[in-house]
**Student:** 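Below is one structure. I have some questions about it.
In this text, all values refer to a predicted model and were calculated from it rather than measured experimentally. Order of listing sets the numbers, starting from 1, for every ligand and every atom in it.
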Amino acid sequence: MAYIQWDQKLSVGIAQIDMQHKKLVGMINDMYQAMSQGKGNEALASVLKDLIAYTRTHFAAEEKLMQTHGYPDFAAHKTQHDQLTKQVMDLQADFNAQKVAISTKTAAFLKDWLVNHIMGTDKKYAPYLQGKGVQ
Ligand code: FEO
């Protein structure tokens with residue numbers, strides 16, 4: 001069973017965003033699996049690097065969508081993206097400096113990091129964007 005199970009409660013009801021969120025969920029699951037299988041630091045560093053790169057891609061796409069449609073809470077959402085990006089980049093820096101290992105605690109952090117943001121913040125824009133015809 002996957003570490004994070006995708007289900008409808010994670011859906012924001014906008015297909016392109018759900019697809020990107022599913023990919024992020026898949027990447028955190030890959031990291032958990034790599035860790036569980038005892039893969040070396042090189043493999044974990046590579047998964048973490050890919051996760052950060054795709055997070056940036058996703059956040060940029062979401063921000064563009066919110067800006068294009070004049071979402072009123074854009075600034076607060078963008079601030080949260082910037083904070084989340086910093087958190088995961090700090091994690092990467094600590095991991096690369098061998099100050100931390102990728103552990104179940106790290107996986108739990110990433111899971112909460114993504115799931116709480118989707119359910120707490122992303123879901124707030126869904127009715128607004130859907131009202132603008134975004135599907
Ligand atoms: Fe889907 Fe605001 O990140």
**Student:** Have a look around atom 1 (Fe) of ligand 1 and list protein N/O/S atoms under 2.8 Å, or say none.
**Tutor:** His21 NE2, His58 NE2, Glu62 OE2, Asp122 OD2

**Student:** Take atom CD in Gln135; do more than 12 heavy atoms of anything else shown fall under 6.0 Å from it?
**Tutor:** no

**Student:** Tell me if a side-chain donor or acceptor on Trp6 pairs with a main-chain N or O of Val25 at a distance below 3.5 Å.
**Tutor:** no

**Student:** I want to check something: taking the side chain as every heavy atom from C-beta on, are Tyr128 and Val134 in contact at a cut-off of under 4.5 Å?
**Tutor:** no

**Student:** Working to 10°, measure the angle at atom 2 (Fe) of ligand 1 formed by atom NE2 of His81 and atom NE2 of His77.
**Tutor:** 80°

**Student:** Distance only, no hydrogens: is a donor on one side chain within 3.5 Å (strictly under) of an acceptor on the other, for Glu62 and His81?
**Tutor:** yes

**Student:** We want to know whether His117 and Asp112 form a side-chain donor-acceptor pair, criterion being a heavy-atom distance below 3.5 angstrom.
**Tutor:** no

**Student:** Heavy atoms, side chains only, cut-off 4.5 Å: are Ile17 and Leu65 in contact?
**Tutor:** yes

